Amino acid sequence: KDLDDWRKFWRLLFASFCLFVFCQVFNDPIHGSIELHPLLIKIIDTPQFQRLRFIKQLGGVYFVYPGASHNRFEHSIGVGYLAGKLAEALRSRQPELNITERDVLCVQIAGLCHDLGHGPFSHLYDGLFLPKHENGSCDMLDHLLKENNLEPVMEKYGLKPEDDIIFIKEMIAGPLQESKEQEWDFKGRPEEKSFLYEIVSNKRNGVDVDKFDYLARDSLYLGIKNTFDFHRFLQFARVCEVDGRKTICTRDIEDNMYDLFYIRHRLHKRAYQHRVNKVIEHMIAEAFLKADGHIEIEGSGGRMFTLSTANEDMEAYTKLTDNVFEEILKSSRPELQEAREILQNIVSRKIYKFVGERKARLLAGKKLAQPLPDEEENNLKPEDFEILVINMDYGMKDKNPVEHMHFYSKKEPDVAKPMSPENIFSEQLIRVFCKKIDEQTLEWNNEQGGNDCIVKQNFRILFFCIYMILIFF
């Protein structure tokens, strides 16, 4: 027993020395000078994490907002830092929660690694080839730890890889195995530490440090004012019991929480779902689909993978970044000609022509259009149109996320109560674009009075497509 105590003492002394000597300071535009644990530095200095330098945070938004050039790399560092700040705040404020240094370090690693699974142009690739990037993040984390032999390093800093790697992955993607027989599906930590699972990715109401960082960071680079102050949340956060389970709450005076969901909705409306961004991302997706099968990426054991299958092998996936756009664009291979032409049109700003948009709820059940005369001057066909359905909400579809939050009062800091809801809305837009961008069609459109002409002269085609999409959705 004495020998074990001495080993623990020297291990803690070594860890403290390493923290003092090897911590690295980053100058971040959002959080200022931030200091990260040496184990996080070890993870950052791997090819698997450095790959995030070459994946745009906002995908195609960069083609609309020139300032939106930031990448998943700096966002991930920011989330890792904020995750540690929130865990430490709860630990110092409520010692009875028994949050250990090991817990804090695991939470930081989860924040740092939560976006490892993103593919080229972030969510664009996810929508095409990857059901959930969170699962890809867990696979990439396993690959990162194995390839760089980091499990012994984790042990050196007091972690238990066999338990803590499971805990980290659960914080990123949720329970690895769900069971109907058990009320608590998580294996990494017991139910009394349920609140730890709300720090990085909060499935209860969406209030987490991932959102804190990307809203602040995206607002800065987009040039859109951010009205939400996450520092106040860190200052007032407490753990209270709700329905028999511990959850993170904030003060009842914090109407600041409405600002969180408002700025999220505002960024979706002005940037993430911007009509030019969405049609450019759709064109990039078309190019990727046409190039799939012709782009070869070498993976483990010398096996070759395509754009759509690279996520099945983490060695191949490590090599897949936004650079694939340039690879297609600069290629002279004949089999990539169609994909190359689409990307050339994007670069030269020959994008699909915006026809118009309508809110879905205003169209449902109404007579959509009058039929066209038999003679059609412009010879447009249904396949010449592209219809995109855009959903915008406050983070929980048509539900009010604040209703899923709980607040405590100054008089009763350990009693959690819901807040009276305000009217939070969601909306669905149906946008129509014309894929024919040849000079004759555009000249005809301009002569006839611009976009409204296409709408008026082609209602039979246009709104038949809208009618079909409404029935489908």
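These numbers were taken from a predicted model, which means no experiment stands behind them.
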_Does this structure show an ion pair linking Arg189 with Glu170, if we count only N-O contacts that are shorter than 4.0 Å?_
no
*Pair Phe129-Tyr125, ring-ring contact (aromatic ring centres under 6.0 Å, His included): steps then yes or no*: CA-CA 6 Å; Phe129 306 123; Tyr125 183 89; 5.1 Å; yes
*Distance under 6.0 Å and angle within 45° of the ring axis: does Arg51 meet both against Tyr317?*
yes
*How about Phe354 and Val276: do any of their side-chain heavy atoms sit closer than 4.5 Å?*
no
*Report yes if some heavy atom in the side chain of Lys246 is under 4.5 Å from a heavy atom in the side chain of Lys193; otherwise report no.*
no
*Can you find a side-chain donor-acceptor pair between Ser201 and Asp208 that sits under 3.5 Å?*
no
_Taking the ring centre of each residue, are His37 and Tyr157 less than 6.0 Å apart?_
yes
_Contacts of Tyr221 that satisfy ring pair (Phe, Tyr, Trp, His ring centres under 6.0 Å) - sequence neighbours left out_ = His70
_Exam field: side chain Glu191 to backbone Trp184, donor-acceptor pair closer than 3.5 Å_ = no
*asked:* Taking Lys85 first and then Glu88, would you say they form a salt bridge - that is, a charged N and a carboxylate O separated by under 4.0 Å?
replied: no
*Do Glu198 and Thr247 meet the criterion of a side-chain donor-acceptor pair at a distance under 3.5 Å?*
yes
*Identify the heavy atoms of His133 and Asp126 that sit nearest to each other, and give their distance.*
CB-OD2, 3.5 Å
*Would you list the pairs meeting ring-ring contact (aromatic ring centres under 6.0 Å, His included) in which at least one residue belongs to residues 270-293, sequence neighbours left out?*
His268-Tyr272
*asked:* Quick check: do Val61 and Leu222 have side-chain heavy atoms less than 4.5 Å from each other?
replied: yes
_Leu112 and Val79, any side-chain heavy atoms less than 4.5 Å apart_ = no
*asked:* The criterion is ring pair (Phe, Tyr, Trp, His ring centres under 6.0 Å); which residues satisfy it with Phe228, sequence neighbours excluded?
replied: Phe212
*Would you check if Ile295 and Glu327 make a side-chain contact, meaning some heavy-atom pair closer than 4.5 Å?*
yes
*Taking NZ, NE, NH1 and NH2 as the nitrogens, is one of them in Arg238 or Asp414 under 4.0 Å from a carboxylate oxygen of the other?*
yes
*asked:* Quick one, Cys249 and Val239 - any side-chain contact, counting heavy atoms below 4.5 Å?
replied: no
*Identify whether the distance between the nearest side-chain nitrogen and carboxylate oxygen of Asp218 and Lys211 falls below 4.0 Å.*
no
*Any ion pair linking Arg303 and Asp313 (charged N to carboxylate O, less than 4.0 Å)?*
yes
*Can you check whether Leu116's main-chain N or O pairs, donor with acceptor, with Gln48's side chain at less than 3.5 Å?*
no
*Report yes or no: do Tyr81 and Asp213 form a side-chain donor-acceptor pair below 3.5 Å?*
no
*asked:* Please check: side-chain N/O of Asn202 versus main-chain N/O of Ile199, any donor-acceptor pairing under 3.5 Å?
replied: no
*asked:* Are the side chains of Tyr214 and Gln57 in contact, using a 4.5 Å heavy-atom criterion?
replied: yes
*What residues, two or more places apart in sequence or in another chain, satisfy ring pair (Phe, Tyr, Trp, His ring centres under 6.0 Å) together with His75?*
His114
*For the rings on Tyr262 and Tyr258, is their centre-to-centre separation under 6.0 Å?*
no
_Taking Lys169 first and then Asp142, would you say they form a salt bridge - that is, a charged N and a carboxylate O separated by under 4.0 Å?_
yes
*With sequence neighbours excluded, residues passing salt bridge (Lys or Arg N to Asp or Glu O under 4.0 Å) with Arg93*: none
*Does the side chain of Ser76 come under 3.5 Å of the side chain of Asp115 through a donor N or O and an acceptor N or O?*
no
*Is there side-chain contact between Val207 and Phe261, with heavy atoms separated by less than 4.5 Å?*
yes
*Apply side chain to side chain contact (heavy atoms under 4.5 Å, CB included) to the pair Leu82 and His31, showing each step before the final yes or no.*
CA-CA 9 Å; Leu82 281 183; His31 309 299; 3.6 Å; yes
*Establish, yes or no, whether a centroid distance under 6.0 Å links the rings of Phe49 and Phe73.*
yes
*Which residues pass the salt bridge (Lys or Arg N to Asp or Glu O under 4.0 Å) test with Lys290, sequence neighbours left out?*
Glu338
*asked:* Using a strict threshold of under 4.0 Å (side-chain N to carboxylate O), is an ion pair present between Asp322 and Lys56?
replied: no
